[in-house]
Number of protein chains: 2
Amino acid sequence: MTDSRASRHDSRTEAIMKAALDVALEVGYARLSIEAVATRAGVGKHTVYRRWCSRGLLFLDAVLSLNTEGLSHPDTGDVVADLRETMTKAVKLLAHPPWGPLYRALIGEAQHDPEVAAALNRRFIEPQTADTLARLKAAKEQGEIAPDFDLDLAFDILSGPLYYRLLITQQPVTDDYIDSVLRAVFAGMSPRSRPVRRRS
Amino acid sequence: MTDSRASRHDSRTEAIMKAALDVALEVGYARLSIEAVATRAGVGKHTVYRRWCSRGLLFLDAVLSLNTEGLSHPDTGDVVADLRETMTKAVKLLAHPPWGPLYRALIGEAQHDPEVAAALNRRFIEPQTADTLARLKAAKEQGEIAPDFDLDLAFDILSGPLYYRLLITQQPVTDDYIDSVLRAVFAGMSPRSRPVRRRS
DNA sequence: TCAATACGGCACGTGCCGTGCCGCTAGGGT
DNA sequence: ACCCTAGCGGCACGGCACGTGCCGTATTGA
């Protein structure tokens with residue numbers, strides 16, 4: 001096998017990311033040290049520093065390695081139902097233990113480290129956004145969304161409240177809340193708006 | 001004067017908060033150390049630790065000490081115009097240098113330190129929210145907002161997109177963006193909604 | 001067999017942590 | 001006018017994690 005070297009290399013990499021997640025879950029990201037991660041992984045510090053140039057980027061890789069499966073959007077013809085399903089799945093992953101605290105810590109780190117912020121956007125936020133935008137575009141073409149509605153803005157308005165709850169007020173993001181956001185955003189705040197169809 | 005002792009105490013406190021802001025603006029909150037703050041303030045480390053039990057709480061006090069004047073809502077009878085004015089003012093304060101990076105760092109710290117998160121909510125987020133909710137309530141009573149619209153939710157939907165831009169994508173929050181959010185949220189995403197009045 | 005590469009282990013200097021201790025000074029009590 | 005005391009600045013300490021050298025080793029590919 002010509003890739004023995006590479007596979008050894010990869011196994012170390014995975015061991016380090018696994019150890020980083022373990023330590024972060026135990027003591028919190030704020031108290032996560034490279035030393036502790038290296039020790040936990042049974043690895044020298046050099047082996048960590050050779051792969052990641054900062055604690056934040058290591059943590060980013062570790063958290064994103066949990067990307068079990070993508071959050072691709074179904075298309076049943078009912079955009080509200082499809083959005084609800086995807087948002088519920090995403091929130092279940094990202095806003096609840098054990099991953100909720102880790103994801104929050106990752107976004108927190110992004111506020112201090114521009115590299116982490118850029119990488120988080122490029123590798124997680126943008127792909128997820130593109131996927132949702134595609135679904136919204138299809139909905140607009142089928143007349144489920146007003147033709148002059150800016151879809152990038154629509155994404156912000158749908159995601160923003162969830163992140164606001166996750167990061168600022170830190171109230172739980174329940175299925176009911178997702179439902180309320182969807183209804184409210186589709187219906188609009190003005191009186192006499194056309195109501196959106198309720199959950200069947 | 002019987003409060004000389006208290007005034008001496010307060011002058012130290014203010015000097016430390018001022019020094020914390022200076023250092024944070026120079027090297028960033030991530031590299032802000034108590035030692036540097038104490039030195040900058042011409043103060044012993046004890047004098048800092050006696051007042052704040054963590055770096056995050058000191059930073060919170062320092063940033064909130066910039067609360068020049070409250071962001072109270074005007075009531076001209078046009079809720080969209082009033083919200084636009086307040087949101088524009090808030091964004092101008094909180095999303096632009098020099099305070100933008102500091103506010104982002106504060107929210108970032110809140111992701112790691114529950115005490116900071118709780119204090120930030122209690123001392124800044126909740127009062128601001130209450131103020132906006134009062135204005136929204138008045139608008140609902142005057143028929144500018146649909147009578148069955150949850151106003152707490154309305155606040156989340158209006159604020160969320162701004163925070164999403166500030167914290168996640170880190171795109172600039174422009175006046176046009178605020179305008180777009182207001183129009184979109186009032187009109188709703190569904191087709192054939194009653195359009196909200198445009199800026200005069 | 002041999003050179004090369006990546007590795008684990010160890011040690012180092014540095015910076016900051018949080019906490020003692022010491023001597024001083026400015027105010028307040030009498 | 002006296003001292004008493006709380007709060008202070010300065011200093012030093014042990015501890016921890018940083019990031020980086022160095023060394024000996026094991027596994028790999030020539």
Side-chain angles (χ1 to χ4, degrees), chain A residues 1-62 105 108-109 112-116, chain B residues 1-62 105 108-109 112-116:
Chain A
M1 15 171 151
T2 160
D3 58 347
S4 298
R5 268 199 147 75
S7 78
R8 276 175 54 82
H9 189 276
D10 291 350
S11 79
R12 310 281 172 175
T13 302
E14 284 168 27
I16 293 168
M17 294 193 299
K18 175 71 164 56
L21 289 177
D22 288 348
V23 175
L25 284 171
E26 283 178 19
V27 304
Y29 173 73
R31 278 190 289 276
L32 177 132
S33 70
I34 303 284
E35 301 225 2
V37 171
T39 302
R40 175 72 63 101
V43 144
K45 283 195 284 180
H46 282 290
T47 309
V48 179
Y49 284 114
R50 199 174 294 125
R51 288 164 172 73
W52 293 278
C53 56
S54 79
R55 189 178 71 130
L57 291 177
L58 160 60
F59 188 60
L60 175 78
D61 271 355
E109 179 66 21
H112 305 307
D113 185 339
E115 282 193 50
V116 171
Chain B
M1 15 173 148
T2 161
D3 57 349
S4 297
R5 271 198 143 75
S7 77
R8 276 175 55 82
H9 189 276
D10 291 351
S11 78
R12 309 281 172 174
T13 303
E14 285 168 26
I16 293 168
M17 294 194 297
K18 176 73 165 53
L21 289 176
D22 288 348
V23 175
L25 283 171
E26 284 177 20
V27 306
Y29 173 74
R31 279 190 288 275
L32 177 132
S33 68
I34 302 285
E35 301 227 0
V37 171
T39 302
R40 176 71 63 102
V43 144
K45 282 195 285 180
H46 281 290
T47 310
V48 179
Y49 284 113
R50 200 174 295 124
R51 287 164 171 74
W52 294 278
C53 57
S54 78
R55 189 178 70 130
L57 291 177
L58 160 59
F59 188 60
L60 174 78
D61 271 354
E109 180 66 21
H112 306 307
D113 185 339
E115 283 192 48
V116 172

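Labels below follow one simple rule: chain letters A, B, ... track the order of the sequence lines, proteins then strands, and each chain is numbered from 1.
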* To do: Please indicate yes or no: is the ring centre of His46(B) less than 5.5 Å from the centre of the six-membered base ring of dC8(D), with the two planes inclined by under 30 degrees?
  =>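 No.
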
Please report the distance, rounded to the nearest Å, between [atom1] in [X] and [atom2] in [N].
| X | N | atom1 | atom2 | value |
| --- | --- | --- | --- | --- |
| His9(B) | dA26(C) | NE2 | C1' | 15 Å |
| Arg51(B) | dG9(D) | CZ | C1' | 13 Å |
| Glu35(A) | dC18(D) | CD | P | 6 Å |
| Ile16(B) | dC8(D) | CD1 | C1' | 11 Å |
| Arg40(B) | dC16(C) | CZ | P | 13 Å |
| Ile34(B) | dC17(C) | CD1 | P | 6 Å |
| Tyr49(B) | dG20(C) | OH | P | 13 Å |

* Asked: Does OP1 or OP2 of dC8(D) have a side-chain N or O of Arg50(B) closer than 4.0 Å?
  ->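 Affirmative; the distance criterion is met.
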
* Does Thr47(B) make a side-chain N or O approach to OP1 or OP2 of dG9(D) shorter than 4.0 Å? ->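 Result: yes.
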
* To do: Measure across Met17(B) and Ala62(B) and return the closest heavy-atom pair with its distance rounded to 0.1 Å.
  =>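 Met17(B) and Ala62(B) have their closest heavy atoms at O-CB, 3.8 Å.
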
* **Check: Val43(A) main-chain N/O paired with Arg12(A) side-chain donor or acceptor under 3.5 Å** =>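 Not confirmed, Arg12(A) side chain does not pair with Val43(A) backbone.
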
* Asked: Hey, does the side chain of Arg40(A) reach the backbone of Lys18(A) with a donor-acceptor pair shorter than 3.5 angstrom?
  ->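 Side chain of Arg40(A) to backbone of Lys18(A), a donor-acceptor pair under 3.5 Å: no, none is there.
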
* Take Asp61(B) and Thr13(B) through the test side chain to side chain contact (heavy atoms under 4.5 Å, CB included) and record every step on the way to the result. => CA-CA 10 Å; Asp61(B) 271 354; Thr13(B) 303; over 6 Å; no

* Touch class at under 4.0 angstrom, heavy-atom based, for Arg55(A) against every strand present ->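 No contact.
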
* To do: Look at all strands and tell whether Arg31(A) reaches a base, only sugar-phosphate, or nothing, counting heavy atoms closer than 4.0 Å.
  =>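 No contact.
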
* For Lys45(B) and for Arg12(B), find the nucleotide of DNA chain D with the closest heavy atom, then tell me which residue's nucleotide is more 5'. =>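 Upstream on the strand: Arg12(B).
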
